[in-house]
Amino acid sequence: MLKKILYGLVGFFVLILILSAFLPAQYHVERSITVNATPDKVYPYLGNFAEWEKWSIWATLDPNQKLTVTGEPGKPGHKQAWDGSINGKGSMTIDSAESNVYVKMNLVFDEPQPMVATSKIELKASGNQTTVIWHNEGALDYPIGRIFGLFLDSMLGKDFEAGLSKLKEVVEK
């Protein structure tokens, strides 16, 4: 009986390793929303991490987390670090930005699961409206990260949708 259980467990892990080899090694999540405001009204909430708590879903999920913001808003090197019981520990740093056009950030997640990603928020003007497009992408470790990647779009996408809806609400007030 013990041998059957052991063979079953070994077989299960071998199956996971084989299936993971065929799963994507990269992920890409993207969501967008149209805001009834021009890019110059939206951009200050994106390029300044001190403003993110007004619309970020993660600030709501972990209100007791410690946040540290350093550097000049909207400029490369502007950084927000967080440390909380729900969101874990990590940071995001502006890599490049163009006022009223986009902000590109490097994300580093230290805990609970180490991971590095790139995020970009773009603004596309159309009259008095702005389409805000939020992208996030990165590599998925083999084998567990690749399995996790199967659920990443639905999990992270839901957070992006909630954050973008809140951003729209805040900007349009």
Side-chain angles (χ1 to χ4, degrees), residues 16-17 19-33 35 42-124 130-168:
I16 293 292
L17 293 173
L19 289 175
S20 296
F22 294 100
L23 293 174
Q26 300 281 323
Y27 76 92
H28 179 88
V29 176
E30 181 177 314
R31 297 294 189 274
S32 64
I33 197 166
V35 178
V42 179
Y43 186 81
Y45 292 97
L46 307 176
N48 183 352
F49 293 140
E51 296 293 325
W52 278 54
E53 68 183 66
K54 293 178 181 172
W55 62 272
S56 169
I57 187 70
W58 298 296
T60 305
L61 293 174
D62 201 351
N64 295 321
Q65 69 185 338
K66 181 183 174 197
L67 292 175
T68 306
V69 177
T70 57
E72 186 178 348
K75 303 289 183 192
H78 182 54
K79 179 178 183 176
Q80 180 188 72
W82 62 87
D83 189 353
S85 59
I86 297 170
N87 292 335
K89 185 176 184 179
S91 65
M92 61 181 170
T93 306
I94 293 181
D95 176 56
S96 62
E98 184 177 338
S99 186
N100 303 330
V101 178
Y102 78 92
V103 177
K104 183 178 175 192
M105 299 152 286
N106 293 318
L107 301 164
V108 177
F109 301 94
D110 299 315
E111 296 173 3
Q113 178 65 35
M115 187 174 176
V116 176
T118 301
S119 195
K120 185 176 184 181
I121 304 176
E122 296 179 86
L123 303 176
K124 305 277 185 186
T130 302
T131 300
V132 182
I133 308 159
W134 196 350
H135 313 260
N136 185 280
E137 58 191 24
L140 298 168
D141 291 334
Y142 173 84
I144 302 301
R146 292 186 187 186
I147 294 168
F148 180 67
L150 293 172
F151 309 99
L152 203 51
D153 186 78
S154 61
M155 291 171 23
L156 189 55
K158 178 183 65 146
D159 289 349
F160 278 17
E161 290 166 6
L164 288 170
S165 291
K166 183 71 175 173
L167 176 66
K168 177 181 173 71

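Model, not experiment: these values are computed from the prediction.
- No side-chain heavy atom of V103 sits under 4.5 Å from any side-chain heavy atom of K120.
- Proximity of F109 to V116: side-chain heavy atoms (C-beta onward) are nowhere separated by under 4.5 Å.
- Within 6.0 Å of atom CD in E53, 12 or fewer heavy atoms from other residues, nucleotides or ligands are found, so the atom counts as exposed in its surroundings.
- With values rounded to the nearest 0.5 angstrom, L61 atom CG is found 12.0 Å from N64 atom CG.
- Screening residues 136-155 for ring-ring contact (aromatic ring centres under 6.0 Å, His included), with sequence neighbours left out, gives no hits.
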Discussion item. Does R31 form a salt bridge (charged side-chain N to carboxylate O under 4.0 Å, His left out) with D153? I'd like the steps, not just the answer.
Written reply: CA-CA 10 Å; R31 297 294 189 274; D153 186 78; 3.1 Å; yes

Donor-acceptor pairs under 3.5 angstrom involving side-chain atoms of residues 81-101: please list them, not counting sequence neighbours.
| unit_1 | atom_1 | unit_2 | atom_2 | d |
| --- | --- | --- | --- | --- |
| N87 | ND2 | W58 | O | 2.8 |
| N87 | ND2 | Q65 | OE1 | 3.1 |
| S96 | OG | Y102 | OH | 3.4 |

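- Inter-residue side-chain proximity for K79 and V69 is flagged as unmet; no heavy-atom pair is nearer than 4.5 Å.
- Qualifying ring pair (Phe, Tyr, Trp, His ring centres under 6.0 Å) partners for F49, counting only residues two or more places apart in sequence or in other chains: W52, H78.
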Query - side chain to side chain contact (heavy atoms under 4.5 Å, CB included) between V132 and L164, worked out - result: CA-CA 8 Å; V132 182; L164 288 170; 3.7 Å; yes

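- Between I144 and R146 the shortest side-chain heavy-atom distance does not fall below 4.5 Å.
- Salt bridge K158/E161: absent, no basic N to carboxylate O contact under 4.0 Å.
- Between L152 and L140, the closest side-chain pair of non-hydrogen atoms falls below 4.5 Å.
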Next on the checklist: Apply side chain to side chain contact (heavy atoms under 4.5 Å, CB included) to residues L123 and L46 and explain how you reach the verdict.
Outcome noted: CA-CA 10 Å; L123 303 176; L46 307 176; 3.7 Å; yes

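- How far NZ of K124 is from OG of S32: 11.0 Å, rounded to the nearest 0.5 Å.
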Next item on the list: Would you sort out whether H135 and E122 count as a side chain to side chain contact (heavy atoms under 4.5 Å, CB included), showing the intermediate values?
Entry: CA-CA 8 Å; H135 313 260; E122 296 179 86; 2.5 Å; yes

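- In this structure, the side chain to side chain contact (heavy atoms under 4.5 Å, CB included) partners of N136, at least two apart in sequence or on a different chain, are Y27, L107, A117, S119, L156, F160.
- To the nearest 0.5 angstrom, N48 atom CG is 12.5 Å from K75 atom NZ.
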**OP:** Would you check, one step at a time, whether the test side chain to side chain donor-acceptor pair (under 3.5 Å) holds for H28 with E30?
**Re:** CA-CA 7 Å; H28 179 88; E30 181 177 314; 3.1 Å; yes

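- Two residues are said to be in side-chain contact when any heavy atoms from C-beta on lie closer than 4.5 Å; I121 and M105 meet this criterion.
- Side-chain contact between L167 and V42: present, with at least one pair of heavy atoms (C-beta onward) separated by less than 4.5 Å.
- By the ring pair (Phe, Tyr, Trp, His ring centres under 6.0 Å) test, Y45 is found to be paired with no residue, residues two or more places apart in sequence or in another chain being considered.
- With sequence neighbours excluded, the residues satisfying side chain to side chain contact (heavy atoms under 4.5 Å, CB included) with S165 are I33.
- Looking only at side-chain heavy atoms (C-beta outward), I147 and L23 come within less than 4.5 Å of each other.
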